Engineer: 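Below is the structure I would like to discuss, written out as structure tokens.
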Amino acid sequence: MKLLHLALKMAALAVVMVSVMTLGGCKSTKTLIAGDGVGLVDSQGSAAQMARMIRVSNNDKYVERLDVFRQNPQSITYKTLWLSYVDTDFLSSVTQSQALFDQAMLDVQSGQRGCESLQWDVHQKRLFFSTKLHMVAQECFDVLGHTDQSDYHTTALNFILKGLFANGDGKHHYSAFEVPTANDASDIVELTGLDVLDNYVELGKGNKGLYYVFVLNDPESGEQQQLYFDFTRFLHEALEIDYPFGWASNQMTERLVIPFAKSNLLYRYAMAQLLVSEQKYDQAAQQYLAAIAQNAIVANYRLGRLCQQRNLQVLDKSECFDYLLASAKGGYAKGVIAVAELLRTGQGIEPDKAGFEQLMTAAQRQLPGGQAWFELATNSKTPERSAFFERAAQLGSTDAKMALLIVNLQAQYKKEGEALSLDPFYADFGRLAEQGGARVKTIYARYLSKYNKVDKNGALAKLMLLAAAEKGYPEANYQLGRIYRYGKNEAVNYPLAQQYYLLAAQKFHLDAQLELGLMYDHGKLGNYERKEAFRWFTMCRRNLDLWCLHNMAIMMREGHVSGVGYAEAIDIFKFIASQNHPSGTNNYAAMLNRGQGVAKDSAKAFELFKKAADMGDQWAQFNLCKIYYYGSMTDTVAKNQGKGIYWCEKSAEQGHTQAKAKLQEIRG
């Protein structure tokens with residue numbers, strides 16, 4: 001049974017993951033600025049238990065949809081069935097379900113039982129999205145002559161593969177193929193027929209999200225590509241954390257990345273990323289060295305780059321080239337480009353222009369369409385950078401063409417300003433957007449909206465954003481959310497705004513997370529859902545986003561977060577005031593002036609009100625209006641009604657309602 005043998009081989013080659021079900025409990029902390037949240041993402045709490053109960057109750061709904069698929073595969077979409085599956089509790093037990101199925105296959109292989117004796121309905125209910133299961137079932141029923149059942153599993157296999165490819169291209173974090181487990185990713189890679197050069201687990205944007213990455217070579221063309229797989233939902237289920245809030249705290253890193261990196265080669269990459277973000281460069285280098293000792297090719301490239309960019313105690317600068325060269329010799333295209341750049345600039349080695357061209361030609365064969373030259377241009381800090389973009393554009397790189405067009409547009413706009421005719425630029429922009437991927441389409445849509453001359457009603461921009469959003473591009477979903485949140489050329493539609501914001505927020509788009517928090521906090525989605533608001537503010541504050549921190553602190557000060565109050569709020573306001581955040585500075589001043597959570601200090605408060613007002617904060621300006629007009633800080637500053645009126649006017653100019661009312665009252 002050829003396919004059964006192949007499936008068993010897949011199981012053996014798949015990543016051996018220590019069951020995350022056995023990992024210890026999460027660590028609780030009240031480090032609010034850069035640490036964990038405050039009880040709202042506690043996986044052991046009542047919220048997690050309630051979520052589990054809801055998922056169990058969703059099992060029947062999923063099974064009903066699976067029956068619909070069995071009866072008429074065309075009557076249900078992949079996305080509908082997948083989202084129904086991840087809302088059940090089957091995902092949390094997928095590791096055990098997979099182990100049971102693998103054991104059953106081994107029993108078949110050893111002759112202890114026939115494949116017809118497997119409980120296929122039970123297995124497929126729990127493992128429907130496993131390509132391996134359907135491959136084995138297909139052959140089993142073929143051998144038995146059960147054509148209908150064989151055809152069903154063939155249809156299911158095609159349904160899964162087409163669904164994956166329709167919902168992403170696997171080329172980026174944001175368009176990663178979402179799979180139940182890392183083992184499923186390995187199975188799918190086997191089906192591609194491509195050769196695996198290397199594979200590893202890495203963190204995504206802002207060290208959030210875990211992605212299983214394969215570097216693959218086409219044995220026929222020699223082209224190289226990276227495929228990204230996202231199994232974050234499974235990890236959340238296994239750890240009993242509400243998706244995606246495991247990244248709102250340190251739980252995912254403390255319970256997955258750190259322990260797994262000690263024994264699992266693939267997680268050393270993610271661990272190194274964490275250490276680099278903490279500026280522990282030598283420790284990060286040690287992670288890469290450990291991976292290199294196990295023949296990891298990409299680790300050589302990452303270590304060589306780290307060696308170039310930082311002064312390491314464990315490596316001498318003269319060794320940087322050696323590691324980059326090792327990655328190039330191993331066949332990693334980015335390593336080839338890095339060595340080519342060193343040959344061109346002569347950094348630490350003899351310059352060799354001919355060698356540079358030869359290596360870039362080799363990289364060009366691996367990364368077609370000008371991608372190699374675009375990669376070189378993106379990483380280059382030399383004056384030749386623009387020439388590299390030009391060469392990439394000539395070889396067909398849409399990204400390079402877009403970069404050059406934007407540079408040209410900005411240069412012309414500086415010269416001509418509003419008199420600049422945008423028609424020639426937008427003709428080129430439009431052609432590139434039609435040809436390009438999600439990123440290019442989104443850039444085009446943003447420029448259409450920015451200048452608002454070519455697409456006055458926003459219809460074309462919206463079409464481009466929708467096309468980009470279909471590929472999962474977070475910025476496109478965020479911009480669509482803004483269209484419906486603020487009524488930009490569309491009627492305000494809060495539920496639709498929430499839908500698009502959520503898609504972006506789950507891909508760790510900070511502004512989308514902030515906007516979701518604000519919508520919940522301001523009651524735009526029905527009730528004032530403070531808990532949901534705080535959870536989203538907690539998500540985006542992990543990257544020290546000042547507005548997220550600001551809104552967290554407001555909720556703490558107003559008593560909307562259990563267990564914390566003035567003391568925690570003022571710590572956050574103090575931090576963001578130190579970062580020159582206008583509104584945070586004003587709120588820090590207000591708490592100092594009232595003595596909330598800190599000793600009252602009117603002199604310091606006035607200084608901060610003035611600083612925030614000078615930075616343009618309308619509330620600070622209104623506060624100065626009252627301070628001067630009424631003399632409410634006479635121990636610090638003299639009453640001065642003229643200055644009071646001045647600051648009221650400044651605040652009113654920005655639309656501050658109370659400042660406008662105060663001016664009307666003053667002027668009678």
Side-chain angles (χ1 to χ4, degrees), residues 29-38 40 510-511 513-514 517-518 521-522 530 533-534 536-638 643-644 646-648 650-652 654-659 662:
T29 176
K30 287 190 178 180
T31 307
L32 301 179
I33 293 178
D36 290 346
V38 189
L40 295 182
L510 295 180
D511 289 337
Q513 292 171 348
L514 173 62
L518 291 171
D521 193 29
H522 296 167
R530 308 292 190 188
F534 191 79
W536 284 111
F537 293 149
T538 306
M539 278 286 282
C540 61
R541 75 85 171 83
R542 288 289 298 165
N543 290 78
L544 295 184
D545 183 275
L546 298 181
W547 274 113
C548 288
L549 287 166
H550 174 268
N551 285 288
M552 282 177 65
I554 291 285
M555 293 186 72
M556 293 173 188
R557 187 185 68 187
E558 301 303 319
H560 296 310
V561 184
S562 62
V564 297
Y566 290 155
E568 291 83 2
I570 201 160
D571 282 346
I572 296 179
F573 283 137
K574 183 177 181 180
F575 169 75
I576 57 179
S578 73
Q579 305 300 306
N580 296 319
H581 186 275
S583 188
T585 303
N586 172 68
N587 278 291
Y588 182 37
M591 292 189 77
L592 281 171
N593 190 41
R594 297 172 191 147
Q596 294 175 319
V598 67
K600 182 178 174 69
D601 188 341
S602 298
K604 181 66 175 177
F606 177 77
E607 176 188 324
L608 290 169
F609 279 137
K610 182 65 167 60
K611 179 181 178 181
D614 288 338
M615 288 190 289
D617 185 77
Q618 57 181 282
W619 272 103
Q621 292 167 347
F622 181 60
N623 283 329
L624 285 182
C625 163
K626 293 185 292 181
I627 289 167
Y628 277 117
Y629 193 82
Y630 294 107
S632 57
M633 272 191 184
T634 51
D635 57 332
T636 302
V637 59
K643 285 187 177 181
Y646 167 81
W647 284 112
C648 261
K650 296 288 285 185
S651 181
Q654 297 195 70
H656 194 285
T657 305
Q658 293 180 46
K662 183 60 62 180

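These numbers were taken from a predicted model, which means no experiment stands behind them. Excluded from the calculations below are hydrogen atoms, water molecules and symmetry mates; all remaining heavy atoms, backbone and side chain alike, are included.
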Engineer: Might you point out which heavy atoms bring Met633 and Ala605 nearest each other, and give the distance in Å?
Structural biologist: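 For Met633 versus Ala605, the nearest heavy atoms are CE-CB, 4.2 Å.
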Engineer: Keeping the roles fixed (side chain from Thr538, backbone from Phe534), state whether a donor-acceptor pair exists under 3.5 Å.
Structural biologist: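 Pair found, side chain donor or acceptor close to backbone of Phe534.
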Engineer: Measuring from Ile576:CD1 to Ser583:OG, what's the distance to the nearest 0.5 Å?
Structural biologist: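 Between atom CD1 of Ile576 and atom OG of Ser583 there are 7.0 Å.
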Engineer: Could you report the tightest heavy-atom contact between Asn586 and Ala612, atom names first, then the distance?
Structural biologist: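 Answer, listing the atom of Asn586 first, then Ala612: N-CB, 3.8 Å.
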Engineer: Would a 4.5 Å heavy-atom cut-off, applied to side chains only, mark Gln621 and His656 as touching?
Structural biologist: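 They are not in contact (no side-chain heavy atoms under 4.5 Å apart), so the answer is no.
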Engineer: With side chains defined as the heavy atoms from C-beta onward, is the minimum distance between Tyr588 and Ile572 less than 4.5 Å?
Structural biologist: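 Side-chain contact under 4.5 Å: no.
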Engineer: Tell me if a side-chain donor or acceptor on Ser651 pairs with a main-chain N or O of Cys648 at a distance below 3.5 Å.
Structural biologist: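 No; judged by distance alone, with no hydrogens or angles, the pair does not exist.
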Engineer: OH/Tyr566 to CZ/Phe573 distance, rounded to the nearest 0.5 angstrom?
Structural biologist: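 Atom-to-atom, Tyr566:OH and Phe573:CZ are 11.5 Å apart.
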Engineer: Heavy atoms only: give me the nearest Lys611-Ala577 pair and the separation to one decimal.
Structural biologist: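 For Lys611 and Ala577, the tightest heavy-atom pair comes out as NZ-O, 3.9 Å.
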Engineer: In this structure, are over 12 heavy atoms from other groups packed under 6.0 Å from Lys574 atom NZ?
Structural biologist: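 Atom NZ in Lys574 is not crowded, with 12 or fewer foreign heavy atoms closer than 6.0 Å.
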Engineer: Would you compute the distance between atom CH2 of Trp536 and atom CG of Leu518 and round it to the nearest 0.5 angstrom?
Structural biologist: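 That separation rounds to 13.0 Å.
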Engineer: Please name the pair of heavy atoms, one in Ala613 and one in Ala620, separated by the smallest distance, quoted to 0.1 Å.
Structural biologist: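 Reported closest heavy-atom pair: N-CB, 3.5 Å.
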Engineer: If I take atom CZ from residue Phe609 and atom CG from residue Asn587, how far apart are they, to the nearest 0.5 angstrom?
Structural biologist: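 Result: 8.5 Å between the selected atoms.
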Engineer: I'd like to know if the side chain of Glu568 reaches the main chain of Gly565, judged simply by a donor and an acceptor atom lying under 3.5 Å from each other, with no hydrogens or angles considered.
Structural biologist: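 Yes: the side chain of Glu568 pairs with the backbone of Gly565.
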Engineer: If you compare all heavy atoms of Cys540 against all heavy atoms of Asp545, which two are closest, and at what distance to 0.1 Å?
Structural biologist: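 Taking Cys540 first and Asp545 second, the nearest heavy atoms are O-CB, 3.3 Å.
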Engineer: Determine, for Glu607 against Lys610, whether the closest basic-nitrogen to carboxylate-oxygen distance falls under 4.0 angstrom.
Structural biologist: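 Judged by the 4.0 Å cut-off on N to carboxylate O distance, Glu607 and Lys610 do not form a salt bridge.
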Engineer: Output, in order, the C-alpha distance, side-chain angles, deciding distance and verdict of side-chain hydrogen bond (donor to acceptor under 3.5 Å, both in side chains) for Asn551 and Asp521.
Structural biologist: CA-CA 9 Å; Asn551 285 288; Asp521 193 29; over 6 Å; no
Engineer: Side-chain contact, heavy-atom cut-off 4.5 Å: Lys600 with Asn593?
Structural biologist: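 Result yes, sub-4.5 Å side-chain heavy-atom pair found.
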Engineer: Within this structure, what is the CG-SG distance for the pair Asp511 and Cys548, rounded to the nearest 0.5 Å?
Structural biologist: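 Atom-to-atom, Asp511:CG and Cys548:SG are 8.0 Å apart.
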Engineer: Is there a side-chain contact between His581 and Trp547 (heavy atoms, below 4.5 Å)?
Structural biologist: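 His581 vs Trp547: side chains touch.
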Engineer: Work out which heavy atom in Ile627 is nearest to a heavy atom in Val637; give both atom names and the distance.
Structural biologist: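 Residues Ile627 and Val637, closest heavy atoms: CG2-CG1, 3.8 Å.
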Engineer: Just verifying a value: how many Å separate Leu514 CG and Leu549 CG, rounded to the nearest 0.5 Å?
Structural biologist: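 That separation rounds to 10.5 Å.
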Engineer: What verdict does the side-chain contact (heavy atoms from CB on, under 4.5 Å) test give for Phe622 and Gln618, after you've listed the backbone C-alpha separation in whole Å, the side-chain angles of each residue and the deciding distance to 0.1 Å?
Structural biologist: CA-CA 6 Å; Phe622 181 60; Gln618 57 181 282; over 6 Å; no
